[in-house]
Amino acid sequence: MSSPNSSIESVLVENRVFPPSDAVVKAARISGMAGYEALCAEADKDFEGFWARLARENLQWTKPFTRTLDESNAPFFQWFADGELNASANCLDRHIGTATENKTAIIFEADDGAVTRITYKELLARVSQFANALKAHGVEKGDRVLIYMPMTIEGVIAMQACARIGATHSVVFGGFSAKAVHERVIDAGAVAIITANYQMRGGKELPLKAIIDEALATGGCDTVRNVFVYERTPTACNMVEGRDKTFAQALAGQSTDCPPVAVGAEHPLFILYTSGSTGKPKGVQHSTGGYLLWAKLTMDWTFDLRPDDIFWCTADIGWITGHTYVTYGPLAAGATQIIFEGIPTFPNAGRFWQMIERHKCSIFYTAPTAIRSLIKAAEGDAAVHPARSDLSSLRILGSVGEPINPEAWMWYYKHVGGERCPIVDTFWQTETGGHVITPLPGATPLVPGSCTLPLPGITAAIVDETGNDVANGAGGILVIKRPWPSMIRTIWNDPERFKKSYFPEELKGYYLAGDGAVRSADRGYFRITGRIDDVLNVSGHRMGTMEIESALVSKTDLVAEAAVVGRPDDLTGEAICAFVVLKRSRPTGEEAKQIANELRNWVAKEIGPIAKPKDIRFGDNLPKTRSGKIMRRLLRSIAKGEAITQDTSTLENPAILDQLSQTN
Ligand code: WTA
């Protein structure tokens with residue numbers, strides 16, 4: 001594989017174009033660029049009418065809305081606000097009495113390869129029964145429920161059951177620490193937790209319930225009345241009398257019939273915590289109506305979903321991609337989907353390709369990091385090369401979470417898609433709820449490394465620091481000019497931070513995505529150049545540099561000061577690089593390695609293993625201006641191993657640069 005610098009260069013000169021074949025265009029729901037342009041024109045001509053039509057056609061409302069968009073309290077936009085619906089009814093009940101009711105909703109493949117299938121009808125019964133169990137324990141509409149579950153059918157059931165009774169779920173990724181769980185329980189004011197005793201990853205049994213116990217023992221979690229424990233494995237776990245119930249205990253005697261609770265379209269369906277530019281994660285709050293509309297519609301548009309498709313999004317339900325393209329979108333669209341437990345490299349790095357063959361997957365959606373690591377594995381071992389599997393069932397490929405470098409794109413296109421499957425490189429964020437800039441498989445000519453054009457109704461643009469449009473070819477700040485239904489509604493408990501983070505005054509009220517982007521001079525295609533704030537993207541996971549810094553300095557017996565930056569990494573996109581000043585003298589050699597490891601484990605305990613810094617460098621100090629501000633741009637250059645060409649005249653302690661450039 002080439003170095004990140006060469007991949008950046010090859011994006012700049014990227015001139016390969018892959019138009020969809022005539023047959024693909026002909027069969028597609030949005031057919032050809034004319035189809036795409038017609039929808040854009042409709043949105044342009046009558047913005048509210050466009051969204052109202054789609055909301056009426058794609059969702060089932062128990063009370064129809066009369067008002068589409070309310071901008072009176074911008075940026076707290078409201079969509080379809082006087083309408084009522086239930087998200088779970090729109091994912092499950094809507095299929096009952098149709099040809100979909102006995103269709104497989106989920107094909108679940110466990111870590112050990114065991115396969116379980118569940119139909120829509122069966123899923124509805126299980127969601128309803130669990131919803132009744134929640135109700136029996138006093139969980140009500142508007143309550144928050146924290147979910148800390150492995151990838152299982154039960155994870156989806158937990159989320160859908162909350163939605164069914166109007167409880168707002170907050171899923172925490174199963175790799176996050178007890179401390180992260182604790183913070184989220186408190187911020188959300190959760191009344192119940194749904195978890196599992198253990199999770200299986202790569203043949204290993206890892207505790208989940210024990211982490212919940214640790215989080216709750218930290219104190220301040222008095223809101224939590226019950227913990228529901230799915231017994232994923234036969235191994236026992238600690239159970240607290242009165243508070244904790246196994247799924248079997250909670251479900252005993254509960255009916256499989258539970259009428260869905262209608263909620264207002266703006267009712268918070270979920271809160272999902274994500275990293276921002278301060279040390280504290282943001283609770284991104286999503287609505288029910290607008291969010292679900294986009295989850296359903298992007299299944300139809302971006303993936304051109306057909307009744308006989310077997311859809312597979314490999315994301316965990318702990319991330320937004322798992323919310324929209326596992327729990328809500330595929331079910332609302334009536335798809336058969338694959339859910340997998342475990343890791344892509346167990347029992348071997350051919351698992352994805354073997355699973356595509358085994359389950360006849362037709363739409364496959366994964367992250368560039370996974371592709372890059374599987375390229376590496378396939379190059380090292382022909383037995384796990386995609387060529388070993390029959391991938392002829394595939395018709396559409398997708399990419400999400402980070403920029404995909406053209407080399408990885410080409411490999412994916414050729415070796416996985418057999419040069420026949422369009423790749424939808426979907427740009428979006430936790431805050432956007434669903435795709436916002438992406439090719440359409442039966443319309444958009446593809447350019448490797450480009451997410452191409454905004455979806456109809458999404459007014460994405462690139463502007464300068466004062467909110468004025470920049471010319472194609474010139475880079476700038478990615479914004480979305482007008483609201484859209486699935487956008488973030490607020491930051492839970494922090495509306496001021498919501499306004500400041502996403503709608504800064506100087507940008508004319510546009511939504512600030514936090515990414516830089518450039519449009520190509522010829523086609524106006526968007527290419528994302530990366531975050532412009534203090535957020536890193538490591539293996540497609542968002543991490544705040546300040547979050548990692550606070551974790552490091554919270555080791556108060558050892559660390560005096562820390563600064564964290566990202567550097568390009570061939571495999572993970574970005575890697576975390578920490579510069580640390582200790583309270584003792586600067587360690588070198590073996591001792592430095594040992595302390596670096598100690599700090600890595602500390603960060604894993606504070607946040608989770610995904611936040612472990614790859615590089616840790618020790619200095620007597622950090623490069624600072626005379627006013628004491630850390631010069632992060634210099635640290636970024638050092639982390640990359642670049643010669644320092646920036647102006648260092650304002651630097652108080654230039655000698656520090658040499659010291660920090662030395663690796664341990
Ligand atoms: C990045 C994940 C380039 C971007 C859905 C964004 C991408 C952040 C792409 C959001 C893509 C996501 N091309 N960059 N196709 N998709 N990103 O909230 O920096 O976990 O701001 O949502 O991932 O990450 P999040």
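One-based numbering, in listed order, for ligands and for the atoms of each.
Close contacts between ligand 1 and Thr321 involve ligand atoms 5 (C) [criterion: under 4.0 Å to a heavy atom]. Within ligand 1, counting atoms from 1 as listed, the ones closer than 4.0 Å to a heavy atom of Gly401 are 1 (C), 7 (C), 9 (C), 12 (C), 16 (N), 17 (N), 23 (O). Close approach to Asn537 involves these atoms of ligand 1, each under 4.0 Å from a residue heavy atom: 1 (C), 23 (O). Under a 4.0 Å criterion applied to the non-hydrogen atoms of Ile528, ligand 1 contributes the atoms 3 (C), 14 (N).
Asp469 has no carboxylate O lying under 4.0 Å from a charged side-chain N of Arg519, or vice versa, which leaves the two without a salt bridge. Between Asp304 and Arg395 there is a salt bridge, with a side-chain nitrogen of the basic residue lying less than 4.0 Å from a carboxylate oxygen of the acidic one.
Separation of the Phe18 and Tyr413 ring centroids falls under the 6.0 Å cut-off. Under the 6.0 Å cut-off for aromatic ring centres, Phe340 and Phe352 qualify, their centroids lying closer than that.
Ring geometry, Trp319 versus His541: the interplanar angle falls under 30°, so the pair is classed parallel (tilted spans 30 to 60°). Ring planes of Phe270 and Tyr291: perpendicular class, angle over 60° (limits at 30 and 60°). The aromatic rings of Tyr325 and Trp428 sit perpendicular to each other, their planes meeting at more than 60°, with 30° as the lower class boundary.
Contact annotation: for Val535 versus ligand 1, there are no heavy atoms closer than 4.0 Å. For Thr426, every heavy-atom contact with ligand 1 shorter than 4.0 Å involves the backbone, none the side chain. Contacts between Glu402 and ligand 1 below 4.0 angstrom, taking non-hydrogen atoms only, involve the backbone exclusively. Proximity of Arg531 to ligand 1, defined as any heavy-atom pair under 4.0 Å, is confined to the side chain (atoms from C-beta onward). Residue contacts with ligand 1, taken as heavy atom pairs separated by less than 4.0 Å, do not involve Cys451 at all.
Proximity annotation for atom 15 (N) of ligand 1: of Thr432, Thr324, Asp425, Ile437, Asp425 comes nearest, heavy atoms only. Of the candidates Trp428, Trp319, Phe526, it is Trp428 that places a heavy atom closest to atom 5 (C) of ligand 1.
With contacts defined as side-chain heavy-atom distances shorter than 4.5 Å, the pair Leu552/Val603 qualifies.
Among Leu507, Leu478, Asp533, Val463, the one residue that satisfies the side chain to side chain contact (heavy atoms under 4.5 Å, CB included) test with Leu512 is Leu507.
Atom 18 (O) of ligand 1 has as its closest protein heavy atom Thr430 OG1, 2.5 Å. Remark: minimum distance from atom 20 (O) of ligand 1 to any protein heavy atom is reached at Arg542 CD, 3.6 Å. Among protein heavy atoms, the minimum distance from atom 21 (O) of ligand 1 is reached at Asp515 OD2, 2.4 Å. Closest protein heavy atom to atom 3 (C) of ligand 1: Pro403 N, 3.2 Å.
Assignment of Phe427 to the shell around ligand 1 is supported, since a heavy atom sits closer than 4.0 Å.
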(request) Walk me through it: do Arg567 and Asp615 pass the test salt bridge (Lys or Arg N to Asp or Glu O under 4.0 Å)? (result) CA-CA 10 Å; Arg567 68 161 165 76; Asp615 287 355; 3.1 Å; yes

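In this structure, a donor-acceptor pair under 3.5 Å is present between the side chains of Tyr365 and Thr426.
By the 3.5 Å distance cut-off applied to N or O atoms, Thr274 is not counted among the residues near ligand 1.
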